[in-house]
Amino acid sequence: MSTHFSEQELLRRQKLTELKALGIDPYPADEFKVNANAADIKENYERDKLNYKDITIAGRLMSIRDMGKACFAVIQDATGRLQIYVRKDDICPGEDKTLYDTVWKKLIDIGDIIGVEGYVFTTKTGEISLHVTSLKILSKALKPLPIVKTDDSGNSFDEVSDPEFRYRQRYVDLIINPQVRDTFKKRTQIINSIRTTLNNAGLLEVETPILQSIPGGATARPFITHHNALNMPLYLRVANELYLKRLIVGGFEGVYEFAKDFRNEGMDRTHNPEFTVLEFYVAYKDYNWMMTFSEQLLEKVALDLYGTTVVTLGDKQIDFKTPFKRVTMFESIKEHTGIDIGKMNEEELRNVCKQLNIHVEASMGKGKLIDEIFGAKCEGNYIQPTFITDYPVEMSPLTKKHRTVEGLVERFELMINGKEIANAYSELNDPIDQRERFEEQLKLQERGDDEAMFIDHDFLRALEYGMPPTAGIGIGIDRLTMLLTNNAAIQEVLFFPQMRPELKPEAQEAN
RNA sequence: GAUUCCGUAGCUCAGCCGGUAGAGCAUUACACUUUUAAUGUAAGGGUCCUGGGUUCGAAUCCCAGCGGGAUCACCA
C-alpha cells in the first residue's frame, strides 16, 4: 500500500506521527490570528519600527539555512516572502529544548505552513527579517516542494518550467513561481478595471444562460449535453450575444457579462475549450461610438495596470494610446495585396485566392473568401491596436447593413499583435432582415458549412417587439490578458487549462 | 487531425555508437547562535512513461500506445 510513496513522502508521514506523539496537532482547527504580512513588513518597517515589535504572520516555509543553534528561513504568504530568524534560546528559553531541537529542526519541513510570532529587525547583511519568539505548525506538507533557488541578482536555479507539471499541478506552480502568481493577479486587475469603467458608464452586469437549447450568437461547434428531466439536448453556449440583446429589447439600455463560452474545437496555445469573453451592448449607439468607447476602455486598463499606455510584449512594444488606427477591410486587403476586391463577385474572389496561394473550400461563400484573404495576408501585420472596419455582409449575420456601402455591414474587429482581440457591430435590429440572414446561414449549412448559425426563433420574436439601435462588442479576456501580461500561451493566463487526464492520477491512489 | 521533438531520483538535468544508472538542489546524520543559490563531511533515495520486439544482454536500437511541447490545419 505504501510502496508507491517516495522516500521523502514516507519520512514526512513518520514526522506526522511523531508530531502527534508529542501532543502537537499537525492540522490545528483554531483560528491563527495574524497582524501583518510579508509585503507590509518590508515596505513599512524602516519608517515605523516601533509598530513592528509584536508581529504574528503565517505562511509556507520556502527555505531553511541551518546555522546550528540558529536558523534563517524564508516564509511566503499571499503578499510575498519574508526571512525569519529562529534562535534556539529564543524559542526555547527554558530547560526544554524540544521545540527547537525536535519540532523545528527535525519535524518541520520546507513546504509546511507555519505561524510565527516575534519582532522585526534588520540583519547585518541588511535584510529585514522577523526574529521569531514562538512558532506553531499550521499544516504539515506530505509531499516535498520542488525547490527553486534565486540569487541576489534574481537569477533562478532549477526553475520548474515543465508546462505539464505546471498546468497539472498549478497549485505548486503558484507556490514556487512568483511571476505566475503575478500574472493571475494582473488578470483580475484587468477584469476589475473593465468592470469599473462599465459600471461608471451606467451598464448593468448580468448573467445569462450557459446551458442553451440553441447554441447561437457565434459560428462554432458546440459541446452538447443532455437534460434528463426534460429529456432533451442542451448545448454549452458558444456565445451569449442573443441573450444580451433580448435584455436590450427588455429595456435595459446597457448590459454586460463576463462570460465563459465553450467551443468544441482544436486546442493550442491560443485556444482552450472554455474561455472568457466580455460582451456588452449599449442602446442608441453605433459601431463608431463603440470604437471610441472601447479604445478608451483599453487605454484605461493599460494605465490602471502599468501607469502607462505602452506595454511590452516579447520584443515588441504595444501602445494603447488612443485613438487607435482605423482601416476598412477592403483598404487593408488593397494595402497588403495590391488587389482591389471592392467590386468582385464570388468567382473573381476565388481566382484571387488561387493567385495568392490561399487554400479555399467549395463550401465557402463570398464573405468567407474575403475573410480568408484578410486572415492570410493582412491580419498578422497589425501589431499596434488597429480597428478593421466594414466587413462583408455574408460573414456577419447579426450585424446591421452599412449605412452607405452596399454589401457591407457596420462591423469592426480590433487587431493587436496580429490577433483579433475584439469584435463589434452596429447590431442588426431589423427583424425581417435578421430572418433573411438566418435563412442565408441555413443555405450555407446545406452547402456543407457545419459552422453556420442555427435559427433562433425566439430571438427573432424578441426583435419583432423592437430593439433600439444598439452597439455591441465581444472582447476576448484571455487574449487581452496574454497581451497585457506578456504571455504567449492561453494556458499561462488560465488557472486550470484543459489537459488530457493523467494515466495514473495520484488522486485515484486512495481508492 | 498532420508533422516533429521530448518523457531517467521530490525538482533541474547528464548518461544513449547496447554491458541493469550519475550530478546539483532537496532528503537523512553530524558540525556551526546574523545566513542568504549559506558552508563543510558523510549517507540514503530510481518499475530509466507503458507494452511488445531485436539481442546472451536494452535507459540506450526498432514498433505500438500514453502524456507533454513546438509547427501546421480549424477556430476566438
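These numbers come from a predicted model, not from an experiment.
- When each of B/rU27, B/rU12, B/rG68 is scored by its nearest atom to the side-chain atoms of A/Ile110, the top-ranked nucleotide is B/rU27.
- When the P atom is compared between B/rU4 and B/rA9, the two are found 27 Å apart, to the nearest whole Å.
- Of the candidates B/rG45, B/rG67, B/rC11, the closest approach to any side-chain atom of A/Glu7 belongs to B/rG45.
- Figure legend. B/rU35 is base-paired to no nucleotide; pairs are counted as Watson-Crick or G-U wobble with both atom distances under 3.5 Å.
- Relative orientation of the A/Phe280 and A/Phe293 rings is perpendicular, given thresholds of 30° and 60° on the angle between their planes.
- Side-chain proximity of A/Ile147 to the nucleotides B/rU27, B/rG69, B/rA26 is greatest for B/rA26.
- Pair assignment for B/rA2 gives B/rU71, based on Watson-Crick or G-U wobble hydrogen-bonding distances that are each under 3.5 Å.
- Atom C1' of B/rA2 sits at a distance of 23 Å from the matching atom of B/rC62, rounded to the whole Å.
- Look at A/Arg269 and you'll find a side-chain N or O under 4.0 angstrom from OP1 or OP2 of B/rU71.
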| task | Report the C-alpha distance between A/Asp109 and A/Lys15 in whole Å, list the side-chain angles of each, state the deciding distance to 0.1 Å, and finish with yes or no for salt bridge (charged side-chain N to carboxylate O under 4.0 Å, His left out). | result | CA-CA 9 Å; A/Asp109 291 295; A/Lys15 290 178 178 186; 2.6 Å; yes
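- A/Arg500 has no side-chain polar atom (N or O) that falls below the 4.0 Å cut-off from OP1 or OP2 of B/rC66.
- Pair assignment for B/rU20: none, as no Watson-Crick or G-U wobble contacts are both less than 3.5 Å.
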Protein-nucleotides 2-6 of chain B N/O pairs closer than 3.5 Å?
none

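- Nucleotides B/rU39 and B/rG1 are separated by 48 Å at their P atoms, to the nearest Å.
- Counting any heavy atom pair closer than 4.0 Å across all strands shown, A/Asp268 reaches a base atom.
- A/Thr17 and A/Gln14 share no donor-acceptor pair across their side chains, judged by distance under 3.5 Å alone.
- One P atom belongs to B/rC61, the other to B/rC74, and the distance between them is 36 Å to the nearest Å.
- Aromatic ring centroids of A/Tyr235 and A/Phe223 lie 6.0 Å or more apart.
- Within the 4.0 angstrom heavy-atom criterion, no nucleotide atom of any strand lies near A/Asn264.
- Side-chain nitrogen and oxygen atoms of A/Lys149 include none within less than 4.0 Å of the OP1 or OP2 phosphate oxygen of B/rC11.
- Within a 6.0 Å sphere centred on CZ of A/Arg13, other residues, nucleotides and ligands contribute more than 12 heavy atoms.
- Across A/Tyr287, A/Phe412, A/Tyr425, a single residue satisfies side-chain contact (heavy atoms from CB on, under 4.5 Å) together with A/Thr399, and that is A/Tyr425.
- Of the P atoms belonging to B/rC32 and B/rG46, the separation is 32 Å, rounded to the nearest Å.
- Nucleotides B/rA73 and B/rA58 are separated by 44 Å at their P atoms, to the nearest Å.
- Taking atom C1' in both B/rC6 and B/rA43, one finds a spacing of 33 Å when rounded to whole Å.
- In this structure, A/Leu398 and A/Arg437 approach most closely via the heavy-atom pair N-NH1, 4.4 Å.
- Among the atoms of the strands shown, only primed sugar atoms or phosphate atoms (P, OP1, OP2) are found under 4.0 Å from some heavy atom of A/Glu420.
- Across B/rG68, B/rU12, B/rU34, the shortest atom-to-atom separation from the side chain of A/Asp158 is found for B/rU12.
- Within the 4.0 angstrom heavy-atom criterion, only backbone atoms of the sugar-phosphate kind lie near A/Asp152; the bases stay farther away.
- Within 4.0 Å of A/Glu127, counting heavy atoms only, lies at least one base atom of the nucleic acid.
- B/rA59: no Watson-Crick or G-U partner with both key distances under 3.5 Å is found in any strand.
- A/Arg65 comes within contact range of at least one nucleobase, with a heavy-atom separation under 4.0 Å.
- At the heavy-atom level, A/Thr150 lies under 4.0 Å from the strands shown only through sugar-phosphate atoms.
- In terms of phosphate contacts, A/Lys69 brings no side-chain nitrogen or oxygen within less than 4.0 Å of OP1 or OP2 of B/rU35.
- Heavy-atom nearest nucleotides on RNA chain B were determined for A/Gln491 and for A/Phe262, and the one closer to the 5' end corresponds to A/Gln491.
- On the C1' atoms, B/rC56 is 40 Å away from B/rU28, given to the nearest whole Å.
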| task | Please step through salt bridge (charged side-chain N to carboxylate O under 4.0 Å, His left out) for the pair A/Arg166 and A/Glu492, ending with a clear verdict. | result | CA-CA 9 Å; A/Arg166 292 183 44 239; A/Glu492 295 292 343; 2.8 Å; yes
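- Residue whose closest nucleotide on RNA chain B sits further toward the 5' end, between A/Glu372 and A/Tyr167: A/Tyr167.
- The side chain of A/Lys105 contributes no N or O atom lying less than 4.0 Å from OP1 or OP2 of B/rA29.
- The listed nucleotides are B/rU28, B/rG68, B/rC25; the one nearest the side chain of A/Met499 is B/rG68.
- In this structure, A/Lys124 reaches the bases: a heavy-atom distance under 4.0 Å links it to at least one base atom across the strands shown.
- For A/Lys49, the NZ atom sits in a packed shell: over 12 heavy atoms of surrounding residues, nucleotides or ligands are nearer than 6.0 Å.
- Of all heavy-atom pairs between A/Lys186 and A/Leu484, the closest is CD-O, 4.4 Å.
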